[in-house]
Peer 1: 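One structure is given below, represented as structure tokens, and several questions about it will come after.
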Amino acid sequence: HFQQAGTDGERAADLQAAIDDPAVKAIWCARGGYGTIRIMDRVDLSPLLHTPKWLIGFSDVTVLHSALTNLGVASLHGQMPFAIGAKSQACRD
């Protein structure tokens with residue numbers, strides 16, 4: 001949907017589904033972009049207080065890191081899959 005992987009509602013629902021799914025142990029954001037701030041008011045991060053999982057990414061994903069930090073939930077500010085092939089072996093490891 002334009003520059004995003006879907007509408008704001010679709011992306012918020014996908015993120016919420018990953019947060020709520022007990023089988024999901026980590027959420028590794030594929031790429032950044034300006035759209036994360038647009039869905040923050042639609043996502044309930046509180047389940048992560050009871051069932052934490054890693055959120056991994058950087059760039060625009062930093063808004064999620066900040067929200068998790070405010071809740072006291074750890075996250076990983078790290079490489080995203082979209083460009084990992086061009087990174088050093090140390091980064092890929």
Side-chain angles (χ1 to χ4, degrees):
H1 189 259
F2 301 104
Q3 294 180 357
Q4 279 78 43
T7 66
D8 290 348
E10 290 167 334
R11 292 181 302 110
D14 286 347
L15 179 56
Q16 193 66 60
I19 289 169
D20 295 342
D21 186 339
V24 173
K25 304 301 181 200
I27 300 168
W28 193 8
C29 299
R31 57 183 305 141
Y34 77 96
T36 306
I37 191 71
R38 297 167 41 132
I39 66 170
M40 289 304 295
D41 62 338
R42 301 175 189 218
V43 178
D44 177 13
L45 298 173
S46 67
L48 297 173
L49 292 168
H50 307 291
T51 309
K53 51 189 77 181
W54 288 116
L55 176 94
I56 308 160
F58 71 96
S59 185
D60 190 54
V61 177
T62 302
V63 72
L64 284 168
H65 293 301
S66 294
L68 291 173
T69 295
N70 289 339
L71 290 174
V73 176
S75 62
L76 296 172
H77 190 268
Q79 183 60 49
M80 293 187 277
F82 81 94
I84 204 163
K87 301 298 179 183
S88 69
Q89 185 62 45
C91 180
R92 290 192 302 269
D93 291 346

Peer 1: Got a sec, which residues hit side chain to side chain donor-acceptor pair (under 3.5 Å) with D44, two or more places apart in sequence or on another chain?
Peer 2: S46
Peer 1: With sequence neighbours left out, what residues match D20 under side chain to side chain donor-acceptor pair (under 3.5 Å)?
Peer 2: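 Side chain to side chain donor-acceptor pair (under 3.5 Å) list for D20, sorted by chain: Q16.
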Peer 1: Would a 4.5 Å heavy-atom cut-off, applied to side chains only, mark L64 and L15 as touching?
Peer 2: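 Yes; the side chains approach each other to less than 4.5 Å.
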Peer 1: Got a second to check how far T51's OG1 is from K53's NZ, nearest 0.5 Å?
Peer 2: 7.0 Å
Peer 1: Membership question, hydrophobic clusters at under 4.5 Å side-chain separation (ILVMFWY): are I19 and V63 in the same one?
Peer 2: yes
Peer 1: In this structure, would W28 and L45 fall into the same cluster of hydrophobic residues linked by side-chain contacts under 4.5 Å?
Peer 2: no
Peer 1: Cluster question for you: counting only ILVMFWY and a side-chain heavy-atom cut-off of under 4.5 Å, with indirect links fine, are L55 and L71 together?
Peer 2: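 Yes, L55 connects to L71 through the hydrophobic network.
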Peer 1: Of D8, D14, T7, which meets side chain to side chain donor-acceptor pair (under 3.5 Å) against R11?
Peer 2: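 Result for side chain to side chain donor-acceptor pair (under 3.5 Å) with R11: D8.
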Peer 1: Identify each donor-acceptor pair in which a side-chain atom of residues 76-89 lies under 3.5 Å from a protein atom, sequence neighbours left out, and give them as a table.
Peer 2:
| residue | atom | partner | partner atom | Å |
| --- | --- | --- | --- | --- |
| S88 | OG | C91 | N | 3.1 |
| Q89 | OE1 | R92 | NH2 | 2.7 |
| Q89 | NE2 | D93 | OD1 | 2.7 |

Peer 1: Identify whether V43 and V61 are in the same connected component of the hydrophobic contact network (ILVMFWY, side-chain heavy atoms under 4.5 Å).
Peer 2: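 They do share one cluster, since a chain of ILVMFWY contacts under 4.5 Å joins V43 to V61.
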Peer 1: Tell me whether T69 contacts the main-chain N or O of H65 through its side chain, where contact means a donor paired with an acceptor under 3.5 Å.
Peer 2: yes
Peer 1: Between I27 and I56, does a side chain to side chain contact (heavy atoms under 4.5 Å, CB included) hold up when you go through it step by step?
Peer 2: CA-CA 6 Å; I27 300 168; I56 308 160; over 6 Å; no
